[in-house]
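Indexing begins at 1, ligand by ligand and atom by atom, following the structure's order.
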Amino acid sequence: MRPIEQLVQQYKDRELALPIWCENGTLKLIDQTKLPFKEEVCQIASVHKLGEAISSMKIRGSGAIGICGAYGIFLAALQTNGDPQKVKKAGDFLKSTRPTAVNLMKTVDEMVKETKSSGQNLIARMEEKAVEILNRQLDFEYQLGTYGAEVINDGDTIMTHCHSGAFGGAGYGGRALSVIRTAHEQGKKIHVYTCETRPYLQGARITALELKKFGIPHTLITDNMSGFCMSEGYIDKIVVGSDRVAANGDLANKVGTYMHAIVAQANNIPFYTATSSHTIDFNTPSGRDIEVEMRNASEVTHFNGMPIAPEGTQALYPSFDITPSSLISGIITEKGIISKPFETNLRKVSSKVIV
Ligand code: RI2
């Protein structure tokens, strides 16, 4: 059995969620649009199909689409018999599927760069590299979870937004849920308020599913209830994931994050983002330089194909927003918790940063 296929058993043995895997040269993934009611497996036989799965959010979460970048380039190498030009073309296509989460761009570039030095055994090297990237990201989740759990006290109520968890990452807890899961596993009595996160409902459908699996008490709220919950003192701190952290610490994350951060500051509630080195983008000076993906308005006017607004209603769907670093209490990474001044301290960590 190939190394990339052996991972499936390792994940099963460790009861981890594999967002994407490889069997007999075909990629497979759980269709996240069907969660929590069905764990439907999609067969991905081409890079084009993988791109479609990413852009239609069958697989989503900055960590998980980063792994798609690695597995997609392995699939391209398999299907082109390791033709470096065709592999690079496949990489450019994958990078075009979603513009905001930097992990996708970084893992594609890391894999394509490998083609230049792999020579004859390109396919074997691509497979090795894809497994290496997945295992590295899984290690990050355990490490950042341990650092992040340091800010979680016994008895805390933590609010999350969107889904930054196992299905959206490398299988332990993504970023935010790696912090929360680690604190829970340390025996801390915690409760999570999870925002449903319209319109895709990552929070209601996937975060609630994973918190239930982890045995972590939680309460589902709609996004517009966060102000009430914070002003009433229900929330002790907020931990969110990350799609891109700019060089000055500005954060691109699911739309609504900025709103929660403003209310958190107004109520003196600590606001953290859990990220990892491969999501920090030193080539992006500030949040103003991050492209925010604009998704199809029909995802706002419909849910599961059912209209929720009058026919012809205009809608807007910025998939992310930018939270200024001034609103962030700390940036949790696999190298530790980075505090202000972020510009300086992110650079200091960058010397230890892998990518
Ligand atoms: P990790 C999601 O975006 C959200 O912004 C969420 O915070 C992040 O990606 C989760 O990824 P989408 O892909 O931070 O659901 O856990 O649009 O890597």
Looking at Phe320, which atoms of ligand 1 are within less than 4.0 Å of one of its heavy atoms?
->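 Here the atoms of ligand 1 in question are 3 (O), 5 (O), 17 (O).
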Among Arg60, Gln32, Lys254, side chain to side chain donor-acceptor pair (under 3.5 Å) partner for His163 |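 Exactly one pass, corresponding to Arg60.
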Within the structure, does [X] bring an N/O atom to less than 3.5 angstrom of an N/O atom in ligand 1?
X	answer
Arg175	yes
Gly61	yes
Gly63	yes

Does [X] approach ligand 1 within less than 4.0 angstrom via side chain, backbone, both or neither, non-hydrogen atoms only?
X	result
His163	backbone
Tyr200	neither
Ser164	both

Residues Arg181, Glu185: salt bridge by 4.0 Å N-O rule |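 Judged by the 4.0 Å cut-off on N to carboxylate O distance, Arg181 and Glu185 do form a salt bridge.
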Arg2 and Glu127 ion-paired at < 4.0 Å =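 Looking at Arg2 and Glu127, the cut-off is met.
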Whether Arg98 lies under 4.0 Å from ligand 1, heavy atom =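 Yes.
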Do any heavy atoms of Cys162 fall under 4.0 Å from ligand 1?
->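 In this structure, Cys162 qualifies as a contact of ligand 1 - some heavy atom is under 4.0 Å.
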Write out the residue and atom name of the closest protein heavy atom to atom 11 (O) of ligand 1, then the distance separating them to 0.1 Å.
->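 Looking at atom 11 (O) of ligand 1, the protein heavy atom closest to it is Ser62 N, 3.0 Å.
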Protein contact to atom 7 (O) of ligand 1 [nearest heavy atom, distance to 0.1 Å] |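 Going atom by atom, the protein heavy atom closest to atom 7 (O) of ligand 1 ends up being Asn253 OD1, 2.6 Å.
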Kindly identify the option in [options] whose heavy atom sits closest to [atom].
atom	options	result
atom 8 (C) of ligand 1	Asp243, Ile65, Thr160, Thr100	Asp243
atom 17 (O) of ligand 1	Glu293, Lys254, His278, Arg60	Lys254
atom 14 (O) of ligand 1	Ala166, Ser242, Ala101	Ser242

With Glu114, which residues qualify under side chain to side chain contact (heavy atoms under 4.5 Å, CB included), at least two apart?
->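 Here the qualifying residues are Ser117, Ser118, Arg125, Met126, Lys129.
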So, is the end of the Arg295 side chain (NZ or CZ) under 6.0 Å from the ring centre of Phe320 and within 45° of the ring's axis?
->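 Checked: cation-pi criterion not met.
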Main chain of [Y], side chain of [X]: is a donor-acceptor contact present, judged purely on distance under 3.5 Å?
X	Y	result
Glu334	Ser277	yes
Asp223	Arg198	yes
Gln43	Leu27	no

His260 side, atom NE2; Ile235 side, atom CD1 - distance, nearest 0.5 Å |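 Rounded to the nearest 0.5 Å, the NE2-CD1 separation comes out at 10.0 Å.
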